[in-house]
Trainee: 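Input: one structure, supplied below.
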Amino acid sequence: RVQLEESGGGSVQAGGSLRIACAVSEVPIYAYTMAWFRQTPGKQREGVAAIGLDGSTSYIDSVKGRFTISRDNAKNTLYLQMSSLTPEDTAMYSCAAREGFLALYFRLDKSYYHDFGQGTQVTVSS
């Protein structure tokens, strides 16, 4: 079973940047569609960014141009580089994995992922 461990969260002022990471264990990351989700209390988990087997990426509209998802196959690690952060980006960020190919249209839908990490908190102050 895939194991996911996030790190790198913290507190940052609006306009700042942060990079969070997700270390993947037990399976090769290159064989998985990977994604970042975020959740705030009382709200549903929201897909933020995803990366496919071929490296193609997708983002929700609110983070396009500010967030970049990437994958280091040698380190078996997923990253999310976040810039121009706003208080609306405050959330618990979790990585998710699904073995094999997943069509672009479905990659930000949490129902298509089998495994989630515990999450790392990102707090953006104004």
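All values reported here derive from a predicted model rather than from experimental measurement.
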Trainee: Check each of Leu80, Ile69, Thr33 against Ile51 using the side-chain contact (heavy atoms from CB on, under 4.5 Å) test, and report the only one that passes.
Mentor: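 Only match with Ile51 under side-chain contact (heavy atoms from CB on, under 4.5 Å): Ile69.
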Trainee: If hydrophobic clusters are built from ILVMFWY residues whose side chains come within less than 4.5 Å, do Trp36 and Leu4 share one?
Mentor: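 Yes: a chain of side-chain contacts under 4.5 Å links Trp36 to Leu4.
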Trainee: Locate the shortest heavy-atom distance separating Ala14 from Ser126; write the atom from each residue and the value.
Mentor: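 Of all heavy-atom pairs spanning Ala14 and Ser126, the closest is CB-CA, 4.2 Å.
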Trainee: For Arg38 and Tyr93, test the side chains for any donor-to-acceptor distance below 3.5 angstrom and give the result as yes or no.
Mentor: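 Indeed, the side chains of Arg38 and Tyr93 share at least one donor-acceptor pair under 3.5 Å.
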Trainee: How long is the gap from CZ on Arg19 to OH on Tyr79, to the nearest 0.5 Å?
Mentor: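 Arg19 atom CZ to Tyr79 atom OH measures 5.0 Å (nearest 0.5 Å).
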Trainee: In Å, rounded to the nearest 0.5 Å, how long is the span from CG of Asp115 to OH of Tyr32?
Mentor: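 Spacing of CG (Asp115) from OH (Tyr32) equals 7.0 Å.
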Trainee: I'd like to know if Leu53 and Tyr112 are part of one continuous hydrophobic network [Ile/Leu/Val/Met/Phe/Trp/Tyr, side-chain heavy atoms within less than 4.5 Å].
Mentor: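 The answer is no; the residues belong to distinct hydrophobic clusters.
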Trainee: Measure from the side-chain N and O atoms of Ser62 to the backbone N and O of Ile60, and report whether any donor-acceptor pair falls under 3.5 Å.
Mentor: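 No: the side chain of Ser62 does not pair with the backbone of Ile60.
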Trainee: Quick one: do Ile20 and Val12 end up in the same hydrophobic cluster if we chain Ile, Leu, Val, Met, Phe, Trp and Tyr together by side-chain heavy atoms under 4.5 Å apart?
Mentor: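 Yes.
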Trainee: Got a second to check how far Met82's CE is from Ser17's OG, nearest 0.5 Å?
Mentor: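 So the CE of Met82 and the OG of Ser17 are separated by 9.0 Å.
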Trainee: So, does Asn73 use its side chain to make a donor-acceptor pair with the main chain of Ile29 at under 3.5 Å?
Mentor: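 No, because the side chain of Asn73 does not come within donor-acceptor range (under 3.5 Å) of the backbone of Ile29.
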Trainee: Verify, without hydrogens or angle tests, whether Arg71 (side chain) and Met34 (backbone) share a donor-acceptor contact under 3.5 angstrom.
Mentor: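 Checked: no pair found.
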Trainee: Please confirm whether the backbone N or O of Thr77 pairs with a side-chain atom of Asp72, one donor and one acceptor, at under 3.5 Å?
Mentor: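 Such a contact is absent between Asp72 side chain and Thr77 backbone.
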Trainee: Could you go through the side-chain contact (heavy atoms from CB on, under 4.5 Å) check for Tyr113 and Leu108 one step at a time?
Mentor: CA-CA 9 Å; Tyr113 289 85; Leu108 297 181; over 6 Å; no
Trainee: Establish, from distance only, whether the side-chain atoms of Ser56 and Arg107 form a donor-acceptor pair under 3.5 Å.
Mentor: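 Per modelled atom types, Ser56 and Arg107 side chains form a pair under 3.5 Å.
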Trainee: Rounded to the nearest 0.5 Å, how far does CZ of Arg98 lie from CZ of Phe106?
Mentor: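 It comes to 9.5 Å.
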Trainee: Report the distance from atom SG of Cys95 to atom CD of Glu5, rounding to the nearest 0.5 Å.
Mentor: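 Spacing of SG (Cys95) from CD (Glu5) equals 9.5 Å.
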Trainee: Taking all non-hydrogen atoms of both residues into account, name the closest pair between Lys110 and Gln44 and its distance.
Mentor: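 Closest approach of Lys110 to Gln44: NZ-OE1, 3.0 Å.
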Trainee: Starting at CG of Asp89, measure out to OG1 of Thr40 and round the result to the nearest 0.5 Å.
Mentor: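 Reported to 0.5 Å precision, the distance equals 11.0 Å.
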Trainee: Check whether Val122 and Leu78 end up in the same hydrophobic cluster, where Ile, Leu, Val, Met, Phe, Trp and Tyr are linked by side-chain heavy atoms less than 4.5 Å apart.
Mentor: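 Yes, because Val122 and Leu78 connect within a single hydrophobic cluster, where side-chain heavy atoms sit under 4.5 Å apart.
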Trainee: Does Thr120 reach the main-chain N or O of Glu6 with its side chain, forming a donor-acceptor pair under 3.5 Å?
Mentor: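 Answer holds: no.
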Trainee: Measuring only between side-chain heavy atoms, which start at C-beta, is Leu85 closer than 4.5 Å to Phe67?
Mentor: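 Touching, per the 4.5 Å side-chain cut-off.
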Trainee: Does the pair Arg1 and His114 meet the rule for a side-chain contact (heavy atoms from CB on, under 4.5 Å), with working shown?
Mentor: CA-CA 10 Å; Arg1 183 179 178 88; His114 305 138; over 6 Å; no
Trainee: Show your working on ring pair (Phe, Tyr, Trp, His ring centres under 6.0 Å) between Phe37 and Phe116 and close with a plain yes or no.
Mentor: CA-CA 9 Å; Phe37 288 79; Phe116 287 83; 5.4 Å; yes
Trainee: Applying side-chain contact (heavy atoms from CB on, under 4.5 Å) to Gln121 and Thr90, what does each step give before you reach the verdict?
Mentor: CA-CA 8 Å; Gln121 178 68 35; Thr90 294; 4.0 Å; yes
